[in-house]
Amino acid sequence: MMTTVALQFDEIVGLLANAGFVWTLLLATWGAVSYSFMRHRRHGPKVGPSQTAGAVSFSLTKPRLSEEEIFRILTTTETNIQIVRICETPRTAREISKGLGDIYPGHKEKGFPAEKLGEHLANLERLGAVKFNGEKWAASDIGMKMVRKYFG
């Protein structure tokens, strides 16, 4: 039994010493890695939320949202709808905060809290209702369409 194992080990070492076999193995590995990379690049990741017990989690493998799902998430709070309305013309976060402060009387002097605004903007951006262009937030076409269609 020991001689069989030794013979097989010698044959494996012999194959690895063979330059042709090593080159073939290397090319096959690179081919598989390249194929996988190109396939992923060509098809790209799909984005959209999945739902778990009342929470919305975003996955890179889910398809885009339906209009019903966008409506449901957009209407989780009145603030989401107001942010999309305010962002109809591109605005900075400070301008959005002041705009929400004008709408909600409790935030008149200081504006809307930055942490809460950040959460709303991040959720709306993942949803596709608003976009950030590097300095200002603007409502997307789908965001404005949904707000106008359902909320006047």
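In this chain, numbering begins with 1 at the start of the sequence shown.
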Closest approach of A129 to V84 (non-hydrogen atoms, all atoms of both residues):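 Shortest heavy-atom contact: CB-CG2, 4.0 Å.
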
So which atom in A93 and which in L117 form the shortest heavy-atom distance, rounded to 0.1 Å? O-CD2, 3.4 Å

List, by chain and number, the other hydrophobic cluster members for L26, where Ile, Leu, Val, Met, Phe, Trp and Tyr join if side-chain heavy atoms come within less than 4.5 Å, directly or indirectly.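 Via sub-4.5 Å side-chain contacts, L26 links to W23, W30.
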
Would you compute the distance between atom [atom1] of [X] and atom [atom2] of [Y] and round it to the nearest 0.5 angstrom?
X    : Y    : atom1 : atom2 : value
C87  : L124 : SG    : CG    : 8.0 Å
R94  : I96  : CZ    : CD1   : 12.5 Å
F151 : T75  : CZ    : OG1   : 5.5 Å
K131 : L121 : NZ    : CG    : 15.0 Å
L127 : S140 : CG    : OG    : 8.0 Å

Of all residues at least two apart in sequence or in a different chain, which pass the side chain to side chain contact (heavy atoms under 4.5 Å, CB included) check with [X]?
X    : result
K136 : P90, T92, N133
T79  : T77, I83, L100, Y104, F112, H120
E88  : M144, R148
T24  : none

Residues forming a side-chain hydrogen bond (donor to acceptor under 3.5 Å, both in side chains) with [X], sequence neighbours excluded:
X    : result
T76  : N80
T29  : none
R91  : T89
E125 : none

Any chain of hydrophobic side-chain contacts (each under 4.5 Å) joining F71 to L74?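 F71 and L74: one cluster.
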
Ring pair (Phe, Tyr, Trp, His ring centres under 6.0 Å) contacts in which one or both residues fall within residues 127-148, not counting sequence neighbours: F132-W137

With sequence neighbours excluded, what pairs up with K145 under the salt bridge (charged side-chain N to carboxylate O under 4.0 Å, His left out) test?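 Residues passing salt bridge (charged side-chain N to carboxylate O under 4.0 Å, His left out) with K145: E67.
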
